[in-house]
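Beneath this line is the structure, given in structure tokens, with notes to follow.
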Amino acid sequence: MRPLVKMSGITVQFGGVSILRHANLEVQAGEIHALLGENGAGKSSLMKVLAGDYPKTAGTIEIDGERVEYNTPHGAIAHGISMIHQELQLAPHLTVAENVFLGREVPSGRLGWLPNKREMRQRTAAFLRDLAPDIGPDERVGQLGIAKQQMVAIVKALSAGARVLIMDESTTALTDAEVKRLFQALNDLKARGVAVIFITHRLEEVLEMADRATVMRDGETVATVPVKDVDMDRLIQLMVGRQVHDVFPKAKTTRGAEGLRVEHLTRHGVLDDISFTAYRGEVLGLAGLMGAGRTELMRAIFGADPMDGGQVYVNGNRVSIRHCGDAISAGIAYLTEDRKGNGLAVGLDVTTNLTLPVLHRIARFGVPNLGKAEQITRQYVDELSIKVHRLTDRVNILSGGNQQKIMLAKWLATGAEVYLLDEPTRGIDVQTKVEVYELINQLTAAGKTVIMTSSYLPELLAMSDRFIVLCEGRVTAELSREEATPEKLIYHASQYRATQTTGR
Amino acid sequence: MEPQAVTQPVRVKPYSRTIRRAAERLAPFLFLIVIGIVLSILSPYFLTVRNLLTVLLQMSIIGIIAVGETFVMLTAGIDLSVGSVVGLAGVLSTLLMVQLHWPVWPAVFAGILAGAVVGCLNGVLITTTKLPPFIATLGMMSVARGLALILTGGVAIFNVPEGFNWLGGGHVLGIPVPVYFLAAVTVFGAFVLNRTLLGQYAFAIGSNPETARLSGIRIAKYLVCIYTIQGLLAGLGGVIQASRIVTGQPTAGLGYELDVIAACVIGGTSLFGGEGTVLGAIIGAALMELIRNGADLLNISAFWQDVIIGIIIWVAVAWDGYRRRVLNR
């Protein structure tokens, strides 16, 4: 049978970095096709090419056997391809019908410049009758729940003539019941001959729903398999597949006394009764998929978000953390994943950024010793070989790697005992990455406690001495370095529903 | 402008950058000097000690309040209530003197304190209700002005004791007293901004509040502090104003907030926070006063003065934006 969509040899490069390398994808009409892969494998990028969001560097797209060229979302929609984004692009103040026909309102017969509201309502209602009978065309979109909004987005795509529907992580925000409803609707669409491409992290959903699955890894499509022929283990194996290369200078560590103990940490709807212990001289790896609660856990421990319950102990002593300042005084440091968003004040100079958490310690009567601040900065700039012209340079003129080092130095300067490192090597060059790994080694050698997380599994596996796995805000497994394999981590990171106790 | 500054940010030539920075910083100051030179050529009276002292006296109240506004704007906030605080503080202190027969100095302090209380309320409103500073202080502008009118029943308070006039009308060593206050506030403001935790944190909060919070800074505490200082300075401006006209005028300071904000932005303080200097605000206030003074000397109508000042605001802020977008990448 001729595929409805055929993508061949799709390559995408941004400034010399290949995001996709000769990726191929064939999707049949009336099929639900799952697209799988780890974080950063290229699933979203491939779909963005199909939806006209990303320009492709090489490769071809055929729709119904005909080669097509477009490079805008509009072009894609004209060929019947619609993407339902994770962030639904709807106007919350308009009604369902107005949203469905937004930008292509049906003109009324006599007064061509006025929209024909009745016609639009009726056509919207017809779609809703089949797919979501509980939504009325006159309801305001902003008052609908997320699941219903998603339906509106789907109806909008269908009414615009979509034959290929791309669903990007559509189930992440839904409850079990809502997921069932969505799947029903998707099965209806399938019966109408619509092709659904489904990006997900949840392997159970793939096994339950999809007809075929394509697995991506490092920007390449590795395999396309009929789902009825595979099981979860096989899928995981395909997703992970690679050998971990030895670019990680992991040092041998010896476990010391208890460093950070967290008991029953709860943050309603985000973190559910989390307990674990990290030891001095050791790196505890925090594994989990996107949205599992890794960043949220670190933020809660650090006092950046309020806890609803639970205790934190540093080096065996109970600490009470109501805001970040308490955490810093208790000897906790938090390296955020978002340098520009909340890690640095990029409009300010190197010294100010590097000494921000310690400035009050070198102050008398509210007047900090700025000479001392400069001395501290100079010391860390030399120690971590941060390349800056002068300490009064603004941070935003520095490279990502140097910015990352300033962020690390900022926390080293606090003399913390416990380091929470959220994506410590995100967006920096390989050279700097290795420097960051060595720094982590130095920290453990000095008897500090390090907890790190990374979306890049090989890095996490190589640098951690022990792992806890998070899924949907709960700890699903605790593994030693010897026990941990990529397969096991992904297995525990995606077993969410079987044991889920709290409904959202 | 070096194109490679965008692609290879680390390799910008250090000297040109330093010179450029200095030129940017000094731009309002250079403009001030140019205006001064032009005016001294056009009017023989301009460059006399007497006239320059008048300029300083005239700008003193706006200048004092602009120092506080600089702190507020650094945190990406704004205080629109300062004009009303000027009215309220002046009314309150004169009222205490005239009706309750308070001695001069306690009454003056009470006026200043009232300003601080209003400022503190602004800060508490902003940090607890999460109202945008613009809205919180817009409301306070109305509330404070209303209170000033209620206290006086809408009529000015006359027959203020003789001794009160010294604050705004007296001279020490031939220099008007308000000019000393301006100088003291400027020096103190510059010290606080550049040398204290409060000043450093104001920069951090304005530049990236989330980063500041995650660095352990109690943002609410410092914001309340900054708005209180601003209220206090507006209160000081208010009693000086009342003293100058020897009257408690409930409508005093009407529209001052706009002059104060104009002084700050002309002096290079960014409306988006994280950037600004005390000296810049003073230069901005001086620039506006020079234009007014020069226009008076040259017999240009007061209406044209407003037009000129409006244009200067445009140019100053456009320059600020250009500097951010192009030069400082």
Side-chain angles (χ1 to χ4, degrees), chain A residues 15 299 302-304 322-329 332-336 338-349 351-370 373 387-390 392-402 407 410-411 414, chain B residues 2 4-18 20-22 24-25 74-76 188 191-222 225 229 270 272-276 323-324 327-329:
Chain A
R299 285 180 61 95
F302 191 64
R322 282 186 310 276
H323 65 94
C324 303
D326 292 339
I328 297 170
S329 314
I332 304 177
Y334 171 46
L335 185 86
T336 73
D338 185 359
R339 268 200 300 277
K340 293 201 166 140
N342 57 21
L344 295 169
V346 292
L348 302 182
D349 64 22
T351 307
T352 309
N353 269 289
L354 202 145
T355 57
L356 207 49
V358 295
L359 206 58
H360 68 278
R361 293 187 197 164
I362 53 173
R364 286 182 62 194
F365 306 116
V367 181
N369 181 344
L370 294 181
K387 288 179 194 68
V388 295
H389 249 304
R390 49 193 66 195
T392 49
D393 275 350
R394 287 172 186 224
V395 166
N396 58 2
I397 66 164
L398 303 178
S399 71
N402 283 309
M407 224 160 67
K410 163 178 163 179
W411 293 115
T414 67
Chain B
E2 304 127 315
Q4 82 264 28
V6 177
T7 47
Q8 287 181 307
V10 193
R11 294 226 192 112
V12 176
K13 280 184 249 154
Y15 292 113
S16 62
R17 172 166 279 277
T18 313
R20 216 176 57 196
R21 275 280 171 79
E24 286 168 27
R25 281 272 162 83
L74 266 177
T75 66
F188 186 67
F191 172 78
V192 171
L193 191 63
N194 297 316
R195 288 279 177 269
T196 67
L197 285 179
L198 182 72
Q200 299 292 299
Y201 289 172
F203 277 106
I205 291 168
S207 179
N208 191 334
E210 210 31 35
T211 299
R213 191 170 77 90
L214 292 178
S215 300
I217 296 170
R218 305 286 298 264
I219 293 183
K221 178 174 129 188
Y222 286 97
C225 208
I229 291 173
S270 160
F272 307 106
E275 230 180 315
R323 196 162 63 90
R324 275 163 188 285
L327 300 181
N328 260 343
R329 267 292 166 78

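Below, chain A is the first sequence line, B the second, and so on; all start at residue 1. Worth knowing before you read on, the calculation uses all heavy atoms, side chains too, and leaves out hydrogens, waters and symmetry mates. Fair warning: this is a prediction, and the values are worked out from it, not measured in the lab.
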Please step through side-chain contact (heavy atoms from CB on, under 4.5 Å) for the pair A:L348 and A:L356, ending with a clear verdict. CA-CA 11 Å; A:L348 302 182; A:L356 207 49; over 6 Å; no
Run B:T196 and B:Y201 through side-chain contact (heavy atoms from CB on, under 4.5 Å) and show every step you take. CA-CA 9 Å; B:T196 67; B:Y201 289 172; over 6 Å; no
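Interface summary for chain B: among A:T414, A:V367, A:N369, the most heavy-atom pairs under 4.5 angstrom belong to A:V367. When each of A:Y334, A:F365, A:F302 is scored by its heavy-atom pairs under 4.5 Å with chain B, the top score falls to A:F302.
Proximity of a side-chain donor or acceptor of B:N194 to a complementary backbone N or O of B:G199 within less than 3.5 Å is not detected.
Inter-residue side-chain proximity for A:R299 and A:N342 is flagged as met; some heavy-atom pair is nearer than 4.5 Å.
Within a 6.0 Å sphere centred on CZ of A:R361, heavy atoms belonging to other residues, nucleotides or ligands number more than 12.
For A:H323, the part lying under 4.5 angstrom from a heavy atom of chain B is the side chain only. Contact of A:K340 with chain B is made through the backbone alone, with heavy-atom distances under 4.5 Å. With a 4.5 Å cut-off on non-hydrogen atoms, A:L359 touches chain B through its backbone and its side chain both. Interface remark: A:A363 contributes side-chain atoms only to the contact with chain B (heavy atom separation under 4.5 Å).
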